[in-house]
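Everything on this sheet refers to the single structure shown next.
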Amino acid sequence: MYSATFTFAKGEYDDEFHQLDKAIADIAKGIPGYLGEEAWENPSAGLISTVYYWDTLEALQQLVQHPAHAAAKQKRAQWIDGYHIVVAQVIRSYGDGGISHPLTSVSNPASPHHS
């Protein structure tokens, strides 16, 4: 499994941003291998971080290479004031089941089993 974390400084959003953002989210959800996402906001720093989870690196690459994603990259300076992306391989994912998480239902043999 892989994660792609997109952290950015909020800028000025317009209707085109919201339409393209929704289109990219819908495209991602339609790619086989998309496992889910979660978003976090740090209001005091003005930062938003979205973590996307993927079964394979190839699935992630399908989104990166999609024309809608390329269009968003070309216009990002209009909408955000800086960004950073981290792509990582997920080694383990587990919890006590007390909260919902995009990887909760993913079978992960490396996860510790709790009785």
Side-chain angles (χ1 to χ4, degrees):
M1 288 183 294
Y2 293 85
S3 67
T5 304
F6 178 50
T7 303
F8 61 96
K10 290 172 75 170
E12 294 296 322
Y13 303 155
D14 57 17
D15 287 342
E16 184 182 8
F17 169 85
H18 291 293
Q19 290 171 358
L20 197 51
D21 187 55
K22 183 182 179 331
I24 291 170
D26 291 343
I27 291 162
K29 291 172 186 170
I31 295 172
Y34 170 84
L35 300 174
E37 66 187 69
E38 57 187 336
W40 302 93
E41 186 169 353
N42 180 336
S44 64
L47 297 176
I48 296 175
S49 187
T50 304
V51 184
Y52 300 90
Y53 297 99
W54 301 90
D55 192 36
T56 65
L57 198 52
E58 292 77 19
L60 167 59
Q61 287 299 323
Q62 284 184 45
L63 179 63
V64 171
Q65 295 168 355
H66 194 280
H69 187 266
K73 284 176 67 173
Q74 289 177 345
K75 295 192 166 204
R76 75 175 161 246
Q78 275 178 230
W79 300 317
I80 63 174
D81 295 332
Y83 73 96
H84 191 88
I85 297 171
V86 175
V87 176
Q89 187 168 13
V90 176
I91 304 297
R92 185 176 299 126
S93 175
Y94 61 93
D96 67 1
I99 63 170
S100 177
H101 188 274
L103 298 184
T104 299
S105 64
V106 176
S107 174
N108 188 350
S111 296
H113 297 282
H114 299 283
S115 310

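Partners of Asp15 by salt bridge (Lys or Arg N to Asp or Glu O under 4.0 Å), not counting sequence neighbours: none found. Among residues two or more places apart in sequence or in another chain, the side-chain hydrogen bond (donor to acceptor under 3.5 Å, both in side chains) test is passed with Ser49 by Thr7. Taking Tyr52 as the reference, nothing meets the ring-ring contact (aromatic ring centres under 6.0 Å, His included) condition, with sequence neighbours excluded. The ring-ring contact (aromatic ring centres under 6.0 Å, His included) check on His66 picks up nothing, with sequence neighbours excluded. With sequence neighbours left out, the ring-ring contact (aromatic ring centres under 6.0 Å, His included) criterion links Tyr34 to Trp54.
With a 4.5 Å cut-off on side-chain heavy atoms, Tyr83 and Phe6 count as touching. Taking the side chain as every heavy atom from C-beta outward, Glu38 and Thr50 never approach each other to under 4.5 Å. Side-chain contact check for Val51 versus Glu37: every heavy-atom pair is 4.5 Å or farther apart.
Applying side chain to side chain contact (heavy atoms under 4.5 Å, CB included) to Phe8 and the options Leu47, Ile85, Ile48, Asp81 leaves one that passes, Ile48.
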Would you mind writing out the side-chain donor-acceptor pairs for residues 18-27 within the sub-3.5 Å range, not counting sequence neighbours?
from	atom 1	to	atom 2	distance (Å)
Lys22	NZ	Asp26	OD2	2.7

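The shortest heavy-atom contact between Ser3 and Val90 is N-CG2, 4.0 Å. Residue Pro32 comes nearest to Ala59 through the heavy atom pair O-CB, 3.5 Å, listed as atom of the first residue, atom of the second, then distance. Between Val87 and Leu60, the shortest heavy-atom contact is CG1-CD2, 3.8 Å.
Atom CG of residue Leu35 and atom OG1 of residue Thr56 lie 8.5 Å apart, to the nearest 0.5 angstrom. To the nearest 0.5 angstrom, Thr5 atom OG1 is 6.5 Å from Tyr53 atom OH.
Cluster membership check: Leu57 shares its hydrophobic cluster with Val64, using side-chain heavy-atom separations under 4.5 Å among Ile, Leu, Val, Met, Phe, Trp and Tyr.
The aromatic ring centres of His101 and Tyr94 sit 6.0 Å or more apart.
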